[in-house]
Every structure is written in C-alpha cells, then in structure tokens.
Visitor: 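This is the structure, below, for whatever I ask next.
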Amino acid sequence: MIGMKNQVIIHKKVFNRCLFPLIESVKNIQFNPYSNLPLRQKISLPFVLVFLGIWISGTLSIGYFFARYTEKKEIKEVKNIASLVLRGFQKKIKQMYLDANLLVEVTKVQKALKSKNTTEILQQLLPLRIKLSLDLMQVVDKNGNQLADLRSSTLYQAKIANQTAISQVINGVDFSSVVAAEKPAPSILIGTAPIKSNQGVIGGIIVGRAVSDKLLEEVTKGISEDIIALQNGEIIASSFPKAYTFSDEIIQELSHNNLKKIKIGDEFYITKTITILGLDATELELVIVSSITDLEVTKRNFWILIGSLSFLGSVIAIVVGYLVSNLIASRVSIMTNATEKLASGDLKIRLPVIYNDEVDRLAKGFNIMAEQLEARERKIQHQMQQLEETLEKLLTTEGILGRLSSNQAQLVHTEKMSSLGRMVAGIAHELNNPVSFIYGNVDHAVEYFDELLELINVYRQEYPEPTPLVNDILSEIDIEFLEEDIHKLLNSMKNGADRIGNIVRNLRTFSRLDESGKKSVDINQNIESSLSILQHRCYSSKKIGNQSERQIQIMREYGDLPPVVCNAGKLNQVFFNIIENAIDALEASIDKAEKIKNPQILIKTEVTDTNSVKVKIADNGCGMKEEVKTKIFDPFMTTKSVGSGTGLGLSISYSIVVDEHQGKLSCISAPGEGAEFLIEIPIYGS
C-alpha cells in the first residue's frame, strides 16, 4: 500500500512539471478578478472591450469634430453678418451727411435763412423731410439760435444732446455721427452741413434719423439675422419682435458680449455685439442675433445616430466575441478534461489531432507527454522497492548521525578555542622579553641624555666662542630643538612600551583558555583581556590624523568584585563569544545604513544579593525578533551568512555558564532595541 501511494504522488509531480508549470502561479494571483473568470469570458472580454473602445472613441471623435465644425461655421457666418451690419449702419450714418449737404444746396433755404424768415424755412423743409424720411430737421443761424425744428412723432418734445453738433456746424464743420436723446426717445443718427454765403457761415442744418425698428429692418434687408439696438442697457429698437419680452437678465447677458451662445426659451441663438461710439460719449450697441435652433436639432439627431451606431457596434462585438471564444474554449475544454483524467492516473488518454494549428500542436505535445508518463510509470514501479528499502536504512541511521554531528562540531569548536589560547600564550611570551627590555632601558636612555646635555652646557660656558667647524655642526643639528624634542620622543617610547605591556598582560590573561580546573580570578581583568583581543574591530577604516576613527564605543561600568572561583579560560571564551556577536550585530547595522546613533557596547559588572557576580553585555544594535531570540542557544542556530558563523558560539557559552558553573545565561532583546546578555556566576563556585 505504501508503494502504491508513493507511486501516485510521483505520477502527479511528473505530470505537473511536464504540463502545468503555470498552475501554481495562477493560484498565487487569486486576488485578480480577471483570473477567476471562465475561459470564454477571458477571451471574449478583451476582444469586446478593445472593439468597443475603438468603435466608441471613433464615433465620439467624429461627433465631437462635427459639432465643432458646425459651431465654427455658424460663428464665422455671424462674424460676416456683423461686418455687413456694421457697414450698412455706417452707410446710414453717412447718408445723414449727404442729406444735410443736399438741403444746403437748396437756394430758397439759404435766402430764407439770410432773411431769418422762419415761415419760409419751414415751407421749404417740410416737404423735403417727408421725402427723405427724416425724423429731425433743424436750422440754426450763425449764433446758434434755432430758427426751425421739424421732428417726427418719435422725437416729439425729446431733449436731444445736439449742442456739440450745433457748435461744430456754425464753425463751418460738416460731419455725421450718433447722438443720444433722453428717454423715451432713442439714439439719433445725425448729419450736419454749414450754410455759407459771401460773408461766411450764416448758419447750418442738422438732419437726423431715429434708431427705430424700421431703420434696423432696412439695415438687415437681405439677411436672415436680426438686430437688437441697446442704449444704456435697454432695448430701443429691434428687428426681432421677441426682443421686447426679454428679461433684464437676458438683456444684461446680451450687452457687451462677443460671440456667445445663449438660450432664450426653447431656442438657441449666437449673438455678437457691435458698439458704435457717437458724440458726447454716446454708445449704441447693435446685437446681431442668429438662431441656431436648427443646428442644435441637427446635432442632437447626429448624437442619436452616433449612440445607435455605438449600440449596434456593441451588439456585433459581443456576438463575434462570443462565437470566437466559444470556438476556442470548446477545444480547450476537451484538452482540460483530458489533462484532468491524466492527472487522476488515466495514462491511456490521448487527444485527437485534426487541425494544424497551435491547439493541435499542444495536443501533440500532450500525447507525447502521456506516452512518456506511461513509460516512466513502468520504470518507477521497478524502482519503488529499492527506494523503500533505502528509506528504511536512512531512518535507522539518521538519529545516530544527528547526535554525532552535533557533538563533533562542539568538540571542533572547543579545540579551536583551545588552540587560540595556546597561540595567544605563545605570542604573549615572545613579546614580553623585548617589551621588558625596551621599557627597562628607556629610563637609562633619559639619564644618559641628561648627562650629555650637562656636558654640552659646560663646554658652552668654558668655550663661549666655538670654532667654525662646531658652528657648522650646531647649525645643522639645531641643538635647541634637539634638547626640547628628545624628552618628548623618549616619553612617547616609554608610553608605547607601557601600552604593549598592558596588551601582553591581557593576552596572558586570555591565554587561560588552555588551562583546566577552577581557580580564583578577577572577572573584570578577564573581560579586559577579551576586549584587548577584539578592540581592533571597534575602529573603522577611516583615519583621523594618523589614527583610525573609533566606530564602536566600549562603555565600562565595572563594580568592585571579589575574586570568583571559576574556570577562567572557559569564561573568557564566553565573554569573547558574546562581545564578538555584539560587534557583529553593530557592524551589520552600520553596513545596512540603519539609523543607529553612537553605536556602543555597555559592559557592566556587579555583585548580586545571591552571592553571585552579574555581568551585563548590551549593544544598541537592531535587536532580534522573538522567534530568533527563543532559538539563539540552540546548536547550529545562526543569523549570519553562510561561511560567517557556525551557530555554536552561544550554545557552547550556555553550556559553560549553566552546566559547568551552575550559573545563569539569558538574553533580553526586541527589534530596534538592541540585545542584552546577562551572565550570573556563583562567587565560590559549586
């Protein structure tokens, strides 16, 4: 039974490696809704979306450009009409100038003006006013006094701002312009002409025509657009009958606008305002009103057509997409059913090959794979028995090998530390003799040099005038500088020798690694010996002057400790391992550019209430996660890269402290809060 189960498992693994390399990746992206759709929808949905995107964007673009084209065309037409209206209105204003000059040519008017016969003037002008369709005819003498004033009913009793016109005409100026009249009279197109004789200007004629509906109809004759005349924000005339029903808001919107589309009631219009300036700051606004209701209806119908075409395109895309996807999905479904049967163990299944396309090539590959699986099954059945026998042998020897490998690794590590102790002891012994020689002879060198200086001073006193040869030598060696600097040099040599002596003593203390048995030792001194071995790692490669920059600070808080009965060599191994791990953790944090201010290691010793010595070694590195902290004392547990650590340092340290000295070794750490190791050793051993 075990052989059959293993056989089925191997079949499934071979099947998945051969045909379904993408199944696992698909399982890992279940959060994507598209991946959960059936195959038909996966095929048809992109087709429909792409087709609709192109179709709809195309139709919308056509509709947008059609609407823009028609609006621009209408605006251009309104601009052209505005130009025609402006020329037509200017022509009407110029006509006033011509009419005024025509009346001046009438001889009887000149004679009546000379005699100041008002009756005669009126008799001559009245028929001409009706004939010329004028609303205003005024005759003034050379002093500006009014001799005749003929008006239509529109301007009857209206106060006309014509003082500027009168002053100009009596000064011999003829012109045409627009003047305002007080409500309810509208603005007036006027023309002036002076009446002259041999004695000079004897008066003048002012003719005018009110801005009325009739005048605007004459201006718009031959065009379909209408005109609304505005004066001071009010309608004074219009060829558009509906204009008199406009609200104040619409009138305000029409005033001073430039090519604006507005809606009045249910109809749309494009309007453009032309401003004509006259005398005395008179402003006459002519609003060109062009109906675009038909254009809006055409645009609406066009958008309905666009929408209908978009709907039709959507239906076509959905139908075509469904047919195409159904054709592909049905063939894929056949292949899927075959693969499921193959996965369940039916190795006799084969797929038909009818078309020479990609799906049929996949079917050919499926058939080849099925044949290979069937052949492999026969081979696997032959090898299964051998695999089961080998597995039983491995299970029998696994426990023995595991125990041997752990103990062997610990023995190797212990032997390495013992070898290190012997090597350090040898180095300390070899260094001790030459250092003692240098240190012992420095004081004698100082004494001898002082005697030589005393002898030189005596020579100076006895022979104040040295020979030329002595002067040359004195100038070369600079005796004053030599006297001052030699003591500094010898003191530096003495301090260096003293420092080397301290290092040698620490090395000799650390070399107790190769000693056996428990002795009474100074724990603080042993910690210093471990630090002397590792202190070079506390400096970076950067230089400050001739010295390396300190990268990791060592903070010491040593208590007053009594001698402790312990295995000094093995405790040195514990201190060495923990301090080295702390340095490794801080270096890793610095290399990763993590934000650690003032990386440091704190070493604190004190006596506890339980007749034990407590040693705390703490760093301010990145700390450890809970799952790492619970396994740090396990053999072969390491967070360092391959080749950087064996994972036995803390395991051996725990065995030395707890098993050999009946002490305690614990760790306190959290991510971002560093790590703190606490070591407790009984003072009097056990």
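The structure displayed is predicted, hence computed values, not measured ones. Residue numbers run from 1 in the order of the sequence given.
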Visitor: Do the side chain of Thr605 and the main chain of Gly559 share a donor and acceptor less than 3.5 angstrom apart?
Guide: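 Checking the backbone N and O of Gly559 against the side chain of Thr605, a donor-acceptor pair under 3.5 Å is found.
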Visitor: For the backbone of Asp659 and the side chain of Ser655, can you confirm whether one donor and one acceptor N or O come within less than 3.5 Å of each other?
Guide: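 Side chain of Ser655 to backbone of Asp659, a donor-acceptor pair under 3.5 Å: no, none is there.
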Visitor: Can you measure from OG (Ser529) to CZ (Phe575) and round to the nearest 0.5 angstrom?
Guide: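 Rounded to the nearest 0.5 Å, the OG-CZ separation comes to 8.5 Å.
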Visitor: How about Val574 and Tyr654: do any of their side-chain heavy atoms sit closer than 4.5 Å?
Guide: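 Contact flag for Val574/Tyr654 side chains = no.
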Visitor: Walk me through whether Leu586 and Ile583 qualify under side chain to side chain contact (heavy atoms under 4.5 Å, CB included).
Guide: CA-CA 5 Å; Leu586 290 173; Ile583 294 174; 5.9 Å; no
Visitor: Does Val521 reach the side chain of Cys566, with side-chain heavy atoms less than 4.5 Å apart?
Guide: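 Side chain of Val521 against side chain of Cys566, heavy atoms only: contact under 4.5 Å found.
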Visitor: Look only at the side chain of Asn620 and the backbone of Asn598, and say whether a donor-acceptor pair between them is shorter than 3.5 Å.
Guide: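 Yes, the answer is positive, given that a donor and an acceptor are paired below the 3.5 Å cut-off.
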Visitor: With rounding to the nearest 0.5 angstrom, report the CG to CD1 distance, Leu571 to Ile523.
Guide: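 Result: 5.5 Å between the selected atoms.
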Visitor: Flag the pair Val607 / Asp560 as yes when at least one side-chain heavy-atom distance between them is below 4.5 Å, and no otherwise.
Guide: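 With C-beta onward as the side chain, the pair stays apart.
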Visitor: Main chain of Asp634, side chain of Ser651: is a donor-acceptor contact present, judged purely on distance under 3.5 Å?
Guide: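 Absent.
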Visitor: Would you confirm whether Asp619, through its side chain, and Glu676, through its main-chain N or O, come within 3.5 Å as a donor-acceptor pair?
Guide: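 Looks like no, no N/O pair under 3.5 Å.
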Visitor: More than 12 heavy atoms of other residues, nucleotides or ligands under 6.0 Å from NZ of Lys629: yes or no?
Guide: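 Enclosed: over 12 neighbouring heavy atoms sit under 6.0 Å from NZ of Lys629.
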Visitor: Quick one: does Val565's side chain get under 4.5 Å of Ile683's, heavy atoms only?
Guide: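 In short, these two side chains do not touch, never coming nearer than 4.5 Å.
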Visitor: Closer than 4.0 angstrom, basic N to acidic O: yes or no for Arg556 and Glu528?
Guide: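 Judged by the 4.0 Å cut-off on N to carboxylate O distance, Arg556 and Glu528 do form a salt bridge.
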Visitor: Tell me whether His661 contacts the main-chain N or O of Glu680 through its side chain, where contact means a donor paired with an acceptor under 3.5 Å.
Guide: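 Not a single qualifying donor-acceptor pair exists.
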